Structures are given as C-alpha cells and as structure tokens.
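These notes are about the structure you will find just below.
It should be emphasised that the depicted structure is a prediction, and the values quoted were computed from it without experimental measurement. Just so you know, these numbers use all the heavy atoms, side chains as well, and skip hydrogens, waters and symmetry mates.
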Amino acid sequence: MRARITPLGTLLALVAGLLTALVTTTPAQAAPLFKAPYPCGQKWTYSHHSAEVRQALDFIRADGGGTAGTPVLASASGTAYRYSQPSGAGNYIVVDHGSGWKTYYFHLNAYSVANGAWVAQGQQIGTTGSTGNSSGAHIHYEQLYNGVGQPIVINGASLAPYPGSYGSKYLTSDNGCSGGGGGKYWVDTFANATGYAQANTNDAQGVLNAGTNYVYCKVWGQEVRDASGNFNHWWLRTDLDTVYAGKNGRGAYVSAYYLSRWGNDEARDNNGTTIPTC
C-alpha cells in the first residue's frame, strides 16, 4: 500500500488554523475585584455620553456632599502613575493592577501619591476636580484590559447598560470600609478628636471622645501640627462616638497627633505595637 503524503501547503494551513484557535480561545486574565473610586458610605450617581471613549463612566456625588475635593480612591491595589493632559484628561492617574488590567482616574484637582508608588485598594490617590477638558468636578473612570476599555464592573457586578444622564442610577461605595489590620488596637487619646472621611480635614464625620479607644489600622495623610511644633502625618481608622447628621461614623479617620504616649509621626498602641497600615 502506498502511503498518502499530505501537501505542505495543507499542513501549514492546518497549523495556522490550530494556532488561531488557541489564540482566540485564550481567556482574559481574571479582573481584580474592583470597588468604587470614592470613599466608604458615599452615594454617587453616574452617566456616560457618546464623547467618552473606552466605556468610561463619570461620577458625581448624590448624598449631599460636595464633589469637588472629595478623595479619589484606588479601585484595587497596584502601581500608580501620574500624568497631565491640560487639553483633555487634565491631571490623571493610571493604576496598573497587573495581568493586563488598569484603571484610569481623570480630571483630578491634586495628586495624593508619588509617581510609581504602590497603592492599596481604598488608598487615596488624588482629589476630585475639573482639570483639563471638563465642565465641572467629577471622576471620569475607566477599566481597561490590555489597552481596551471594558464595561465598568464594581464588586463583580456590571454597571451596564449605562445611563445617558445623572440621577437615574446610583452606587454607594464600600471601598475602604473594612477595618483591616487583623483586629483592634487600643490607644489613649488626650483630647476629643474630629474624625474625617479620609486622611485629611476635608469632610468631618463626627468626634472620637478623649480616653481609651480602639483603632483598626493607619494611613499616611495630611499633616496635623500645633503651635508647639508637635505633628503627625498618620491617621487612624476607627469608629466615632458622635456622628454628625448625614455622615458616616464607621471607618472614619482620626489624626494620630491625638495619641497620648507617642511622638511625631508615630502610631503605636498602648503596648507599643506599631499599628499596621490599612
């Protein structure tokens, strides 16, 4: 019996077809569990318009708080890169989450992290603004996979189909709500301390009474300094004793300046244990 010889061209075509099938059926790397790009407990409304590419969404506050100056938070951990495009995106940050996934945050009023810094999920990376080609303060937010815009997914749920205007769909953030740090750390504070939504003095939430209190973890933020030169950049996440009307007293931030036992830029509990970062 004479063996059948397959022509070279046919073999090449079969190999090419097999390679194409392998490439086209390779699944995308699983996305991080993205969270909303603004602080815990805040309610924002969102919209999309045809001029925005890459399936972006714009967010503005809808809970009575001001949009301008509100902290912008990393949706997931990664490396943050700072950019500026005065004629378009304004001041913006790109967080590279690895495995092809990135998030974009446009029109920032200010940056809160250094270029190339690693950031944790829920860490403040900037403040909301209206820089660049923008008609008002908002967060222009994108999720990209290998450079291609994806439908925005928060906590595993897609926000599509997108509304064409604000006020019809809303999203309340749980970004940064968890205590972190593996438990509670007990500290003494020497005076009543105002608690804020983030590690700055922009949005007061209530008051932590002087005395022995628990905290969950710490973050680096705005300096608090007194006339004698005492200061601290660390802020402690805790639950407040008094909550202002319409505010959220859980997971608020109090300056480590109020710790009774420690000095400048220290954040340790009553046993001397360094409080972990959030």
Side-chain angles (χ1 to χ4, degrees), residues 35-44 61 63 65-66 68-75 77 109-113 117 119-128 172-226 230-262 264-270 273-278:
K35 292 187 176 293
Y38 44 86
C40 172
Q42 292 184 1
K43 180 181 178 182
W44 293 49
R61 286 192 73 169
D63 56 7
T70 296
V72 177
L73 309 186
S75 282
S77 62
N109 180 61
Y111 305 109
S112 301
V113 293
V119 296
Q121 184 178 66
Q123 181 174 338
Q124 180 174 333
I125 57 176
T127 54
T128 306
T172 298
S173 174
D174 68 345
N175 199 357
C177 291
S178 61
K184 295 178 180 179
Y185 296 81
W186 294 92
V187 299
D188 289 339
T189 53
F190 63 79
N192 290 350
T194 301
Y196 296 88
Q198 287 295 320
N200 56 52
T201 56
N202 292 339
D203 189 4
Q205 303 292 299
V207 176
L208 182 72
N209 294 337
T212 301
N213 296 285
Y214 64 82
V215 299
Y216 295 114
C217 53
K218 71 177 187 295
V219 297
W220 190 258
Q222 178 181 332
E223 179 188 83
V224 173
R225 179 182 292 265
D226 65 20
N230 302 306
F231 66 90
N232 211 304
H233 286 86
W234 289 112
W235 290 73
L236 309 173
R237 183 180 289 167
T238 187
D239 303 321
L240 304 179
D241 296 301
T242 301
V243 181
Y244 297 150
K247 300 297 183 177
N248 181 12
R250 295 189 62 81
Y253 290 87
V254 170
S255 174
Y257 164 84
Y258 291 96
L259 295 179
S260 301
R261 306 184 183 204
W262 312 112
N264 298 334
D265 279 350
E266 287 189 280
R268 290 186 277 171
D269 70 6
N270 289 344
T273 301
T274 298
I275 296 167
T277 54
C278 299

How long is the span from the [atom1] atom in [X] to the [atom2] atom in [Y], to the nearest 0.5 Å?
X    : Y    : atom1 : atom2 : answer
Y257 : H233 : OH    : NE2   : 14.0 Å
L208 : S255 : CG    : OG    : 11.5 Å
I275 : R237 : CD1   : CZ    : 13.0 Å
Q198 : Y196 : CD    : OH    : 13.5 Å
W220 : W234 : CH2   : CH2   : 6.0 Å

Heavy-atom closest contact ([X] atom, [Y] atom, distance):
X    : Y    : result
T194 : A204 : CG2-CB, 3.8 Å
Q124 : V113 : O-CG1, 3.5 Å
N200 : Q222 : CB-OE1, 3.2 Å
Y214 : T238 : O-OG1, 2.6 Å
P39  : S173 : O-CB, 3.2 Å
Y244 : V207 : OH-CG2, 3.5 Å

Test your reading of the model: is there a side-chain donor-acceptor pair from [X] to the backbone of [Y], 3.5 Å cut-off?
X    : Y    : value
N175 : P37  : no
N109 : G69  : no
D241 : N209 : yes
T128 : T70  : yes
S75  : K35  : yes
Q205 : N248 : yes
D63  : W44  : no
D188 : N270 : no
T189 : G211 : yes
N264 : F231 : yes

> What salt bridge (Lys or Arg N to Asp or Glu O under 4.0 Å) pairs are there with at least one residue in residues 206-219, not counting sequence neighbours?
Replying inline: none
> Do F190 and Y258 have their ring centres less than 6.0 Å from each other?
Replying inline: yes
Heavy-atom side-chain proximity of [X] to [Y] below 4.5 angstrom:
X    : Y    : result
W186 : D269 : no
R261 : R268 : no
V187 : W262 : no
V254 : N213 : no
D203 : Y253 : no

> Could you go step by step and tell me if L236 and L259 meet the side-chain contact (heavy atoms from CB on, under 4.5 Å) rule?
Replying inline: CA-CA 10 Å; L236 309 173; L259 295 179; 3.7 Å; yes
> By salt bridge (charged side-chain N to carboxylate O under 4.0 Å, His left out), which residues pair with D239, not counting sequence neighbours?
Replying inline: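 With sequence neighbours excluded, D239 shows a salt bridge (charged side-chain N to carboxylate O under 4.0 Å, His left out) to R250, given in chain and number order.
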